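My questions will all concern the structure given below.
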Amino acid sequence: MRRRSLLIAVPAGLVTLAACGDDSGSSSDASDSASPQASATSAPPPKIVDGPLPAITAGTKFGEKPTVAKGSGEPSKDLAVKTVVAGGGKAVAENDFIAADYLGQIWQSAKVFDNSYDRKTPLIIQLAQGSIIDGWRYALIGKKTGSRVEFSVPPTWGYGEQGNEQAGIKGDDTLVFVVDVKDTFNARSSARGKKVPQDDAALPKVGTNTDGKAPSIEVPKADAPKKLVAEYVLEGDGAEVGAQDSVLVQYKGVLWDGGKEFDSTYARKQLTSFSLQQVVKGWAQGLTGKKVGSRVLIVIPPDLGYGDNPPEGSGIEKDSTLVFSVDILAKM
């Protein structure tokens with residue numbers, strides 16, 4: 001079971017966004033759509049075959065919204081996969097998070113039940129069992145970023161016999177997807193922005209390494225600031241994070257007093273994602289307006305952190321000032 005992040009400031013009965021197929025931080029169109037969220041069960045690995053697959057009749061280039069013909073004849077009972085455009089980027093691995101644009105339609109009718117191109121927001125989702133339908137996992141693992149992949153998913157590796165009523169998918173429908181793999185992220189991912197001078201001797205200094213290892217955090221022997229600090233360490237060039245957004249991050253947290261580490265995605269070797277509406281105020285305010293691709297130093301005073309009620313067993317004392325290095329990998 002994935003360790004629950006200390007950052008989530010919600011009742012224990014609620015789940016974190018990383019386990020969901022869509023996010024409260026997404027647009028209303030996205031949250032109402034039928035993204036390739038996991039079905040309740042997992043089947044044995046499929047046999048992967050070359051076809052048949054319907055033709056892409058328009059929007060044939062990577063990044064263009066495709067138009068896909070109706071399936072001809074009976075679809076394969078196996079997982080049919082074709083790399084339409086071969087990318088030259090990083091290879092996607094099991095349990096990676098991917099950023100992808102996609103279109104999904106039903107083989108028999110060519111009815112499009114979902115696409116991200118119209119939302120102009122790529123899907124960010126983990127290729128992990130229980131996070132996404134198995135057809136996506138098996139079709140995309142090993143593909144490289146920059147690739148366009150077309151594949152057909154029989155019910156066994158899709159939504160199963162129950163289908164997906166919201167999307168109009170019946171239990172015997174084979175699904176056709178076209179996926180543009182834009183990026184991939186894992187526990188070795190780092191922000192890769194431009195270095196920003198860290199000239200204030202009264203603030204912690206954060207390492208600027210981009211090798212996926214945890215950056216150092218050197219806390220000065222000085223009084224902690226009374227107000228929130230949120231400064232670039234590496235400034236990316238991606239989109240700005242909004243107050244309603246969800247983000248995919250690497251982070252490390254230490255105490256101002258003594259510099260002891262109390263939480264880290266690097267130590268867990270697993271990225272985390274969450275809505276800025278579900279974290280302590282200091283995180284939400286500190287990341288709002290910052291750019292994707294950045295590493296940010298956040299110093300959180302007690303009134304914007306855990307105050308006199310820190311998480312049990314966290315190693316955080318009451319009224320602690322918290323220091324974080326946060327790599328913003330993607331906006332979800």
Side-chain angles (χ1 to χ4, degrees), residues 2 18-22 30 33-56 66 68-87 91-116 122-145 147-182 184 186:
R2 186 172 66 88
C20 300
D22 52 25
S33 69
S35 63
Q37 185 176 341
S39 57
T41 59
S42 184
K47 178 182 178 181
I48 296 178
V49 297
D50 294 333
L53 286 165
I56 301 173
V68 183
K70 180 180 177 181
S72 176
E74 290 297 315
S76 175
K77 300 298 183 183
D78 300 311
L79 188 69
V81 182
K82 178 182 180 181
T83 300
V84 180
V85 176
V92 175
E94 178 86 20
N95 295 317
D96 279 5
F97 284 83
I98 62 166
D101 276 318
Y102 69 97
L103 179 140
Q105 68 183 45
I106 296 171
W107 175 282
Q108 292 89 337
S109 65
K111 176 190 174 185
V112 174
F113 57 82
D114 192 25
N115 87 90
S116 66
L123 174 71
I124 310 288
I125 199 162
Q126 189 176 20
L127 292 184
Q129 186 173 348
S131 295
I132 194 167
I133 59 174
D134 285 339
W136 271 58
R137 291 172 51 225
Y138 292 116
L140 296 179
I141 289 171
K143 303 301 183 185
K144 293 184 177 181
T145 56
S147 295
R148 166 167 284 192
V149 184
E150 183 184 13
F151 52 99
S152 66
V153 182
T156 302
W157 297 282
Y159 294 103
E161 295 179 355
Q162 74 273 17
N164 185 317
E165 184 178 357
Q166 175 189 354
I169 297 170
K170 300 190 298 294
D172 60 353
D173 282 338
T174 289
L175 311 178
V176 178
F177 289 98
V178 176
V179 178
D180 289 335
V181 184
K182 304 184 77 172
T184 186
N186 56 39

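A quick note: this is a predicted structure, and the numbers were derived from the prediction, not measured.
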With sequence neighbours excluded, residues passing side chain to side chain donor-acceptor pair (under 3.5 Å) with Ser72
none
Could you give the distance from CG (Asp134) to OH (Tyr159), rounded to the nearest 0.5 Å?
11.5 Å
Return the NZ to CG distance between Lys82 and Leu53, rounded to the nearest 0.5 Å.
7.5 Å
Full working for side chain to side chain contact (heavy atoms under 4.5 Å, CB included) between Ile98 and Trp136:
CA-CA 11 Å; Ile98 62 166; Trp136 271 58; 4.2 Å; yes
So, taking the atom named CD1 in Ile133 and the one named CD1 in Ile125, what distance separates them when rounded to the nearest 0.5 Å?
9.0 Å
Side chain to side chain contact (heavy atoms under 4.5 Å, CB included) involving Glu94 - partner list, sequence neighbours excluded:
Arg137, Ile141
Taking side chain to side chain contact (heavy atoms under 4.5 Å, CB included) as the definition, give me every residue that meets it alongside Lys47, ordered by chain and number, with sequence neighbours left out.
Val49, Asp78
Pairwise side-chain contact, Phe151 with Ile48, heavy-atom cut-off 4.5 Å (strictly under)
no
Taking the side chain as every heavy atom from C-beta outward, state whether Pro52 and Pro75 have any atom pair closer than 4.5 Å.
no
Can you name the nearest heavy-atom pair linking Pro66 to Leu103, along with the distance?
O-CD1, 3.5 Å
Taking all heavy atoms of Ser76 and all of Pro154, pick out the closest pair and write down the distance.
O-CG, 3.7 Å
How many angstroms lie between atom CH2 of Trp157 and atom CG of Leu79, to the nearest 0.5 angstrom?
7.5 Å
Any heavy-atom pair between the side chains of Gln126 and Asn95 that's under 4.5 Å?
yes
Distance col, row Asp96:CG vs Leu127:CG, nearest 0.5 angstrom, shows 7.0 Å
Identify the heavy atoms of Tyr138 and Pro46 that sit nearest to each other, and give their distance.
CD1-CD, 3.3 Å
Under the side chain to side chain contact (heavy atoms under 4.5 Å, CB included) rule, what do Tyr102 and Asp114 come out as? Steps first, then yes or no, please.
CA-CA 8 Å; Tyr102 69 97; Asp114 192 25; 2.4 Å; yes
Residue pairs passing the side chain to side chain donor-acceptor pair (under 3.5 Å) test with at least one member in residues 103-112, sequence neighbours excluded, are none
Apply side chain to side chain contact (heavy atoms under 4.5 Å, CB included) to Lys144 and list each qualifying residue two or more places apart in sequence or on a separate chain.
Ala91, Ser147
Would you name the heavy atoms of Gly168 and Ile106 that are closest together and state the gap between them?
O-CD1, 3.6 Å
Tabulate below the donor-acceptor pairs under 3.5 Å that side-chain atoms of residues 170-182 make, not counting sequence neighbours, or state none.
| unit_1 | atom_1 | unit_2 | atom_2 | d |
| --- | --- | --- | --- | --- |
| Asp173 | OD2 | Lys170 | N | 2.7 |
| Asp180 | OD1 | Arg148 | NE | 2.7 |
| Asp180 | OD2 | Gly63 | N | 2.8 |
| Asp180 | OD2 | Tyr117 | OH | 2.9 |
| Asp180 | OD2 | Arg148 | NH2 | 2.9 |

